[in-house]
Structures are given as structure tokens and as C-alpha cells.
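Quick notes on the structure that follows.
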Amino acid sequence: MTVRVQAAPFDYGAECARFAAGVAGAGAVVTFAGVVRDNDAGTLKRMVIEHYPAMTEKALTAIVGQARARWPLCDCLIIHRYGALVPGEMIMMVATAARHRAAAFGAAEFLMDYLKSRAPFWKREITSDGGAAWVESRSEDEGALRRWN
Amino acid sequence: MTVRVQAAPFDYGAECARFAAGVAGAGAVVTFAGVVRDNDAGTLKRMVIEHYPAMTEKALTAIVGQARARWPLCDCLIIHRYGALVPGEMIMMVATAARHRAAAFGAAEFLMDYLKSRAPFWKREITSDGGAAWVESRSEDEGALRRWN
Amino acid sequence: MLDVLYFAWVRERIGLPGERVETGAATVRALVAELSATDARHAAAFADISALRVAVDQELTDFDAPLAGAREVAFFPPMTGG
Amino acid sequence: MLDVLYFAWVRERIGLPGERVETGAATVRALVAELSATDARHAAAFADISALRVAVDQELTDFDAPLAGAREVAFFPPMTGG
């Protein structure tokens with residue numbers, strides 16, 4: 001079980017390969033990667049992610065603990081970046097491994113739903129015209145959490 | 001949209017990286033990989049996958065078409081092997097990319113549910129004591145399909 | 001003339017990967033009845049069709065599917081891909 | 001003494017990443033009332049607490065949470081991770 005919070009980019013393909021190579025007994029490996037998407041106008045210059053350092057790893061580790069209590073996981077991984085990113089860059093990834101696919105998919109979706117609304121990250125979008133705006137939380141994201149209760 | 005059916009192993013990390021690098025406009029990338037799992041007794045020598053060549057790509061392409069009709073996907077990929085594999089080797093992978101995570105997860109799970117029960121592959125397990133048995137379909141897999149109706 | 005293909009344990013039980021048959025069967029079910037009458041191996045393979053799946057011209061279908069114009073029929077157990 | 005931290009637009013609106021406050025507030029809600037009385041910037045940031053989230057000692061909680069023994073309280077908008 002690995003949780004990493006970092007400013008530096010990560011090598012998605014290498015992380016996927018390393019994760020899959022390290023799980024013994026798993027029949028199913030699921031990964032999710034979140035990518036900075038340009039805005040509809042095509043004017044996103046960069047996304048800046050702020051976080052609450054003293055809380056972040058603690059929150060992510062707690063989320064992983066909840067996932068492990070719900071599903072029999074062979075392993076799981078969360079990598080989340082902070083700082084300035086440009087469109088196309090990966091913000092974060094999760095990976096889960098389990099004997100069967102239902103657990104691997106369930107845990108990956110659960111981790112994502114919790115990361116979206118319960119991990120202390122805030123995104124700010126800077127556009128090429130100099131504008132800057134905090135990304136608002138989406139009501140769907142809050143709704144997505146309810147399915148796990 | 002890519003469908004590949006092959007006897008040769010594939011490089012999972014490289015496929016993940018290439019897939020993610022090739023999708024424009026996606027905010028979410030999901031991958032699933034299926035791995036040959038040893039049996040409970042630890043005696044699995046190899047898994048041999050038979051398929052129906054004239055039908056396989058046709059069936060997989062049809063499954064991809066159904067996924068695209070249901071979810072707005074930026075891209076998707078299926079790689080499925082046939083022939084002899086040993087425990088720990090990857091049998092197959094799917095990857096999906098979409099603007100939002102719900103579509104990427106939904107499509108990946110849908111593709112997996114259809115691949116499990118509707119793509120013409122049959123698995124045979126050879127154990128170290130010389131035994132050989134066809135893997136039986138699981139009733140959960142048939143049940144999993146029903147959620148998409 | 002119809003190409004009839006067998007996969008997995010259906011292939012093993014019949015002892016052939018496939019055969020070319022001359023048939024006037026109107027449906028898959030009628031074809032199964034004809035094939036079952038061939039010999040004990042075919043009879044054993046088709047004893048319980050609820051354990052079988054069928055594709056006509058590489059499309060999954062059911063045992064009541066018509067065979068008019070069909071060129072290839074395949075019988076196999078439930079699939080175990082993924 | 002309590003460390004009070006601000007993130008995202010709460011930090012911008014107050015104009016500080018955090019401050020050390022001397023308080024006898026028994027709950028988060030009472031602390032918010034004290035902080036709001038500081039100046040116009042604090043009052044603006046805390047005008048609508050339904051738009052805010054709070055963590056006490058790095059654990060998400062609600063505005064009725066007690067502050068006895070707490071060392072750090074953080075205020076921020078709904079999180080947008082992932």
C-alpha cells in the first residue's frame with residue numbers, strides 16, 4: 001500500500017508496470033489516471049493545485065484504510081501531485097489489485113470518489129488571458145460518495 | 001479504437017503509457033488487466049486459452065461499438081491473448097478514456113463484463129500433476145451482465 | 001453445405017474441430033438433432049444443450065435461429081474470456 | 001493558543017495562510033464567531049459557512065465539533081482533488 005504526494009511529474013506507464021509486477025496472487029489490476037483537461041474555450045494555461053500538507057497523507061492513508069476494510073485487496077497505490085500543471089499532464093493516479101475484478105474496480109472507484117471530495121486538494125485554473133478561478137466542487141461528486149454508505 | 005488478439009505477450013506498462021499519450025481531451029483514463037492467477041493449491045502449471053479466430057475480433061469490435069454507443073469515449077483499447085500462459089502473466093487488458101471518470105469507469109467495467117461472457121475465449125488449466133480442466137463460467141459473470149440491460 | 005465448428009470441451013467430446021455437413025435443417029435445433037444421430041460422441045456432446053452456446057456465421061444466437069443462408073455454425077460451452 | 005489555517009479562496013479572502021489565536025471558544029462555531037469579529041476580511045470569508053469545510057487537527061469535522069485540546073483548525077472550501 002503506497003501513498004505519494006509530490007510536486008514532480010510521475011511516469012504513468014512505469015508506475016503501472018511496477019505496480020502490476022509487484023502484486024502476487026492478483027487476478028485483476030485496475031488503474032485510474034486523472035489528466036488536466038483544457039477548458040471548453042481552449043484557453044487553460046495551467047492548473048495550480050494547492051494542498052494542506054499536514055493533512056494530505058493522513059487523509060489519503062485513511063481513505064486507503066477504508067478501501068481495504070471494504071474489499072480484499074492485494075495492493076493499492078495513490079499518487080497525487082500538487083503545484084503547477086499544464087493541460088495534458090497527469091494530476092494523479094490510483095491502482096488497485098485483487099483476486100477478482102469486482103473488488104479491484106469497486107476499490108478504484110471508491111478511492112476516486114473519496115479523493116475528489118474528501119482529500120485536501122484545491123484546483124485553480126489560470127487562463128491565457130490572465131484570469132484565475134478556483135475549480136468549484138461538483139454536486140455529482142458529492143452524490144457519488146453516497147453510493148458507498 | 002483498437003482491438004488486438006494475439007498469442008504474444010504484451011508490454012502492459014508501455015501499452016498504458018502509449019494509450020494515455022494518444023488521447024486528446026480526456027480527463028480520465030481507466031485500465032484493467034487480467035492476470036493468470038495460480039489455483040488455491042498452488043499447482044497451476046499453465047493456462048491455455050482457445051479462441052474462435054473468425055469470430056473473435058468481430059465480437060470484440062461489436063462490444064467496443066456498444067460501449068461507444070453508451071458512453072462518450074475519447075478512445076478505447078482491448079488486447080486479448082490466446083495460447084499458453086503461465087501464472088503471473090497477463091491475459092488481457094482494456095483501457096478507456098473519457099472527459100469524466102464515470103464514463104471511463106463505466107465503459108471499462110462494461111467491456112470486462114462482456115469480454116468475460118460474450119467473447120469467444122475458453123480457458124483450460126493444466127496442473128503440475130498432469131490434470132487438465134476447462135474453466136467453468138461463473139454465474140456472477142452472467143449476473144454482472146444484467147446490470148447493463 | 002454447412003461448416004460446423006466445435007470449441008473447447010465440445011471439440012474434445014466430439015473428437016473433431018469441425019466438419020462439413022450436408023443438411024436441410026431449418027433451425028439450429030434441427031441441426032443439433034441431425035448431428036446427435038450421427039454417433040455416440042455427437043449424442044454425448046449435444047446431450048444437454050442448456051450447457052452449450054451457438055454462433056451462426058460468427059454471431060451469437062439461440063437454438064431457434066434459422067439456418068437459411070447460413071455458412072458456418074459453431075457450438076461451444078459458455079465463454080470464459082477476460 | 002490555536003493555529004488557524006486557511007486554504008484556497010478562504011486564504012485569499014482573509015489575506016493570510018494562517019494565524020495563531022488566543023481563544024476560549026468551545027466549538028468551531030464559536031471560533032468562527034470570534035474570527036468574524038476581527039475585521040471585514042474575516043467577516044467576508046466566514047459570511048456563509050455552508051460554503052466552508054473545517055478540519056480540527058487534520059481531521060474533517062463539522063462546525064459543532066468541540067475545540068477542547070485542539071491545536072490546529074483549518075478552514076477551506078469543498079475539496080477538489082482527484
Side-chain angles (χ1 to χ4, degrees), chain A residues 10-40 42 44 47 74 87-102 104-106 108-113 115-116 123 135 138 140-141 143-144 147, chain B residues 10-40 42 44 47 74 87-102 104-106 108-113 115-116 123 135 138 140-141 143-144 147:
Chain A
F10 59 91
D11 182 335
Y12 168 65
E15 295 294 345
C16 289
R18 183 183 317 157
F19 180 79
V23 287
V29 176
V30 170
T31 72
F32 176 91
V35 182
V36 179
R37 212 160 34 80
D38 204 345
N39 59 22
D40 291 337
L44 184 66
M47 172 177 280
C74 303
E89 268 193 280
M90 281 197 182
I91 303 167
M92 49 74 63
M93 71 173 285
V94 306
T96 57
R99 286 167 65 83
H100 296 291
R101 75 186 187 288
F105 271 123
E109 293 198 57
F110 174 89
L111 289 174
M112 286 310 305
D113 286 347
L115 277 170
K116 282 274 169 191
K123 293 178 182 142
V135 172
R138 306 192 319 154
E140 305 96 281
D141 286 335
R147 62 178 157 159
Chain B
F10 59 90
D11 182 335
Y12 167 65
E15 296 293 346
C16 288
R18 184 183 318 156
F19 181 80
V23 286
V29 176
V30 170
T31 71
F32 176 92
V35 182
V36 179
R37 211 159 35 81
D38 204 345
N39 58 23
D40 291 336
L44 184 66
M47 172 177 277
C74 303
E89 270 194 277
M90 281 196 181
I91 303 167
M92 49 75 62
M93 71 173 284
V94 306
T96 59
R99 286 167 64 85
H100 296 291
R101 76 187 185 287
F105 270 122
E109 293 199 57
F110 173 90
L111 289 174
M112 285 309 305
D113 287 346
L115 277 169
K116 282 275 169 189
K123 293 178 182 143
V135 172
R138 305 191 322 154
E140 304 97 282
D141 286 336
R147 62 179 157 158

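Order of the sequence lines sets the chain letters (A, B, ...), proteins ahead of strands, with each chain counted from 1.
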Query - Under 4.5 Å from a heavy atom of chain A, the part of Arg99(B) involved - result: both

Query - Residue part contacting chain A, namely of Ala26(B), when any heavy atom lies under 4.5 Å - result: backbone

Query raised in the report: Does any heavy atom of chain A fall under 4.5 Å from the side chain of Ala144(B), the backbone, both, or neither of them?
Result: side chain

Query raised in the report: Out of Ala17(A), Gly34(A), Ala97(A), Ala33(A), which one racks up the most heavy-atom pairs below 4.5 Å with chain B?
Result: Ala33(A)

Query raised in the report: Any idea which of Asp11(B), Val30(B), Val94(B), Val35(B) has the most non-hydrogen atom pairs under 4.5 angstrom with chain A?
Result: Val35(B)

Requested in this report: Provide the closest heavy-atom pair for Gly27(B) versus Arg37(A) in the form atom of the first, atom of the second, distance.
Outcome: N-CD, 3.5 Å

Query raised in the report: Given a strict heavy-atom distance threshold of 4.5 Å, which part of Asn39(B) is in contact with chain A: side chain, backbone, both, or neither?
Result: neither

Requested in this report: For residues Glu140(A) and His100(B), determine if any side-chain heavy atom of one lies less than 4.5 Å from a side-chain heavy atom of the other.
Outcome: no

Query - Proximal component of Met93(A), with respect to chain B [non-hydrogen, under 4.5 Å] - result: neither

**Report entry** chain B contact via Tyr12(A) - which portion, at a heavy-atom distance below 4.5 Å
**Finding:** side chain

Requested in this report: Report the relative orientation of the aromatic rings in Phe105(A) and Phe105(B); use parallel for angles under 30°, tilted for 30 to 60°, perpendicular for over 60°.
Outcome: perpendicular

Query raised in the report: For chain A, which of Asp38(B), Val36(B), Asp113(B) has the most heavy-atom pairs under 4.5 Å?
Result: Asp113(B)

